[in-house]
Undergrad: 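Sharing a structure with you now.
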Amino acid sequence: MKALLATEKPFAKTAVEGIRKIFEAAGIETVLLEKYSGAGELTAAVANADALIVRSDKVTKEVIAAAKNLKVVVRAGAGYDNLDLAACTAKNIVAMNTPGQNSNAVAELALGMMVFMARNLFTPGTGAELKGKKAGIHAYGNVGRLVAKLAQGFGMEVYAFDPFVSKDAMEKDGVKAASSAEELYSTCHYVSLHIPATEQTKKSIGYSLLSKMPKGGCLVNTARKEVIHEEELAKALEERPDLKYITDVAADSHAALSAKFGTRVFATPKKMGAETAEANINAGLAAASQIVAFLKTGDKRFQVNK
Ligand code: 3PG
């Protein structure tokens, strides 16, 4: 049996070695496709794979159609908006993610981004402190909870909004539950986004929320660029010279935003939330173990196309 590890953005070497070892012990051959340049390379490489591990690599219906032997695909990470789940289901392919495995890396980046913006992108001049400011966590999942904890460590007052998490669960963590997204945005100086990109959430963060933020408000996006309504973000930044936006992966309109709003807008050049050796190892090894468990015993924990 063959497992394809297809990562346009490669995992750290130690993670790749660990993945190989897990597969080797299970009698599975590892095939590596890294830094590839087009969908065609993935489509060709997947042809005879029984299992597939990807990161943000797009597993489209064309990729699935080309995969003659594929039984399981694991997104080594949290967000699986890059997998065509309907195409997987139609071919009886189990799709999984590895929730929580890279959360700490993303949470640390979110706090780092807050400091970076508060200190004027590390350029000379007087900045501000996070202590005493209000942090808003938009979606209280694995990453959101860790951001809350780190923000508390900085002395921030933490709020969260998540319709799927109880007020009690938030309050147990010392987090104040906001009853709506509007309340969260109108209360918090820093809002950290942790919602997934779904048909319901795409373009959902726009003018009506951003324009409500307190003076000096900053939106921190380590989630997905697709959840932002970019035209409305531009409108809010235009009307409110105090607002700021920092994101892990540029908006489609980043060049225009950056030209217009200068240092009030910052984007990482390449998505780096989960780019730590620790996160690569956690997510990569979990993905390989999940594949082995599924192929050997039919274990479908973490399946996302049920
Ligand atoms: C995730 O959803 O787990 C993160 O966005 C990580 O994405 P990456 O594996 O492409 O770095």
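Counting starts at 1 for both ligands and their atoms, following the listed order. These numbers come from the heavy atoms of this one structure, side chains and all, not from hydrogens, waters or symmetry mates.
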Undergrad: Which part of M272 is near ligand 1, with near meaning a heavy atom under 4.0 Å away: side chain, backbone, both or neither?
TA: neither
Undergrad: Under 4.0 Å from a heavy atom of A274: which atoms of ligand 1 are those, numbered in the order shown and with their elements?
TA: 6 (C), 11 (O)
Undergrad: Considering distance alone, does some N or O of G79 sit under 3.5 Å from an N or O of ligand 1?
TA: yes
Undergrad: For a side chain to side chain contact (heavy atoms under 4.5 Å, CB included) check, start with the C-alpha distance between Y185 and I205, then their side-chain angles and the critical distance, and finish with the verdict.
TA: CA-CA 10 Å; Y185 283 73; I205 309 300; 3.5 Å; yes
Undergrad: At what distance is the nearest protein heavy atom to atom 5 (O) of ligand 1, and which residue and atom is it?
TA: K271 NZ, 2.7 Å
Undergrad: For atom 11 (O) of ligand 1, grab the closest protein heavy atom and report residue, atom and distance to one decimal in Å.
TA: K9 NZ, 2.8 Å
Undergrad: Between Y207 and E239, does a side chain to side chain donor-acceptor pair (under 3.5 Å) hold up when you go through it step by step?
TA: CA-CA 10 Å; Y207 182 80; E239 267 184 28; 2.4 Å; yes
Undergrad: Can an N or O of A78 be found at a distance shorter than 3.5 Å from an N or O of ligand 1?
TA: yes
Undergrad: I need the atoms of ligand 1 closer than 4.0 Å to a non-hydrogen atom of R224, numbered in the order shown.
TA: 1 (C), 2 (O), 5 (O)
Undergrad: Does the pair N305 and T89 meet the rule for a side chain to side chain donor-acceptor pair (under 3.5 Å), with working shown?
TA: CA-CA 7 Å; N305 62 335; T89 305; 3.3 Å; yes
Undergrad: Measuring from K212:NZ to T187:OG1, what's the distance to the nearest 0.5 Å?
TA: 11.5 Å
Undergrad: Using distance alone, with no hydrogens and no angle criterion, decide if D248 and T268 have a side-chain donor and acceptor under 3.5 Å apart.
TA: yes
Undergrad: Under 3.5 Å between any N/O of E275 and any N/O of ligand 1: does that happen in this structure?
TA: no
Undergrad: As an exercise, identify every atom of ligand 1 less than 4.0 angstrom from a heavy atom of R75.
TA: 1 (C), 2 (O), 3 (O), 4 (C), 5 (O), 6 (C), 7 (O), 8 (P), 9 (O), 10 (O)
Undergrad: Show me which atoms of ligand 1 lie under 4.0 Å from any heavy atom of G77.
TA: 3 (O)
Undergrad: In terms of atom number and element, which parts of ligand 1 are under 4.0 angstrom from non-hydrogen atoms of S56?
TA: 7 (O), 8 (P), 10 (O)
Undergrad: Output the distance between atom NZ (K58) and atom CD (E62), rounded to the nearest 0.5 Å.
TA: 12.5 Å
Undergrad: Determine, stepwise, if the pair Y36 / E34 fulfils side chain to side chain donor-acceptor pair (under 3.5 Å).
TA: CA-CA 5 Å; Y36 60 93; E34 291 183 329; over 6 Å; no
Undergrad: For ligand 1, is any non-hydrogen atom under 4.0 Å from N102's backbone (N, CA, C, O), its side chain (CB onward), both, or neither?
TA: side chain
Undergrad: Only one of K225, R224, K202 clears salt bridge (Lys or Arg N to Asp or Glu O under 4.0 Å) with D81; which?
TA: R224
